[in-house]
Engineer: 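A single structure is presented below for examination.
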Amino acid sequence: MSDEGKLFIGGLSFETNEESLAAAFGKYGTIEKVDVIRDKETGKSRGFGFVKYDNAEDAKDALDAMNGKTIDGRAIRVDEAGKGGRSRGGFGSGPGQGGYGDRSGSYRDGYDSYGKHE
């Protein structure tokens, strides 16, 4: 499925549901789908969701109009889905980040290269 016409909506109140999100965004065009992302175990909102428009121009209009607006008492952030500002890189992969290859404070402390305790 193409992400064209799909918007990421962040900063949602935990009270915001699909109906209130559709009501807020519906005035900008025909909405194909609305999703509020929920925790699998608790079913509670995770504070973000997606709105997919039939028409990409309607999505752009909604993005321009709704970014920074308030829904259910919270200022929201609207962006094109899949184009957010967060880096998608892994954790602990840089120098001194404590990743798997980091030997500072090695697990071998106190042992020589043959496995014998020093």
Engineer: I'd like to check Lys60 versus Tyr53 (side-chain heavy atoms, cut-off strictly below 4.5 Å). Are they in contact?
Structural biologist: no
Engineer: Hey, does Ile71 have a side-chain heavy atom less than 4.5 Å from the side chain of Phe25?
Structural biologist: yes
Engineer: Does Arg77 reach the side chain of Ile9, with side-chain heavy atoms less than 4.5 Å apart?
Structural biologist: no
Engineer: Taking all heavy atoms of Glu41 and all of Asp39, pick out the closest pair and write down the distance.
Structural biologist: N-OD1, 2.8 Å
Engineer: Hey, is CD on Glu18 packed in by over 12 heavy atoms from elsewhere, all under 6.0 Å?
Structural biologist: yes
Engineer: Identify the two heavy atoms, one from Phe48 and one from Gly10, that lie closest to each other, and give their separation to 0.1 Å.
Structural biologist: CB-CA, 4.1 Å
Engineer: Atom OG1 of Thr42 and atom NZ of Lys40: how far apart are they, to the nearest 0.5 Å?
Structural biologist: 12.0 Å
Engineer: Which pair of heavy atoms, one from Ser13 and one from Ser45, lies closest together, and at what distance?
Structural biologist: O-OG, 4.2 Å
Engineer: Okay, side chain of Asp3, backbone of Lys6: is any donor-acceptor separation there less than 3.5 Å?
Structural biologist: no
Engineer: Around atom CZ of Arg46, are there more than 12 heavy atoms from other residues, nucleotides or ligands closer than 6.0 Å?
Structural biologist: no
Engineer: Given the rule that I, L, V, M, F, W and Y join up when any side-chain heavy atoms are under 4.5 Å apart, are Ile37 and Phe14 in one cluster?
Structural biologist: no
Engineer: Looking at every non-hydrogen atom in both residues, tell me the closest pair between Gly29 and Asp58 and how far apart they are.
Structural biologist: CA-OD2, 3.5 Å
Engineer: Please tell me if the side chains of Val51 and Ile31 come closer than 4.5 Å, counting only heavy atoms from C-beta onward.
Structural biologist: yes
Engineer: Begin from the C-alpha positions of Leu21 and Val36 and carry the test side chain to side chain contact (heavy atoms under 4.5 Å, CB included) through to its verdict.
Structural biologist: CA-CA 8 Å; Leu21 205 53; Val36 171; 4.1 Å; yes
Engineer: Is any side-chain heavy atom of Leu63 less than 4.5 Å from a side-chain heavy atom of Glu80?
Structural biologist: yes
Engineer: What pair of heavy atoms forms the shortest contact from Gly43 to Arg38, and how long is it?
Structural biologist: O-CD, 3.4 Å
Engineer: Report yes if the side chains of Thr70 and Ile76 come closer than 4.5 Å at any heavy-atom pair, otherwise no.
Structural biologist: no
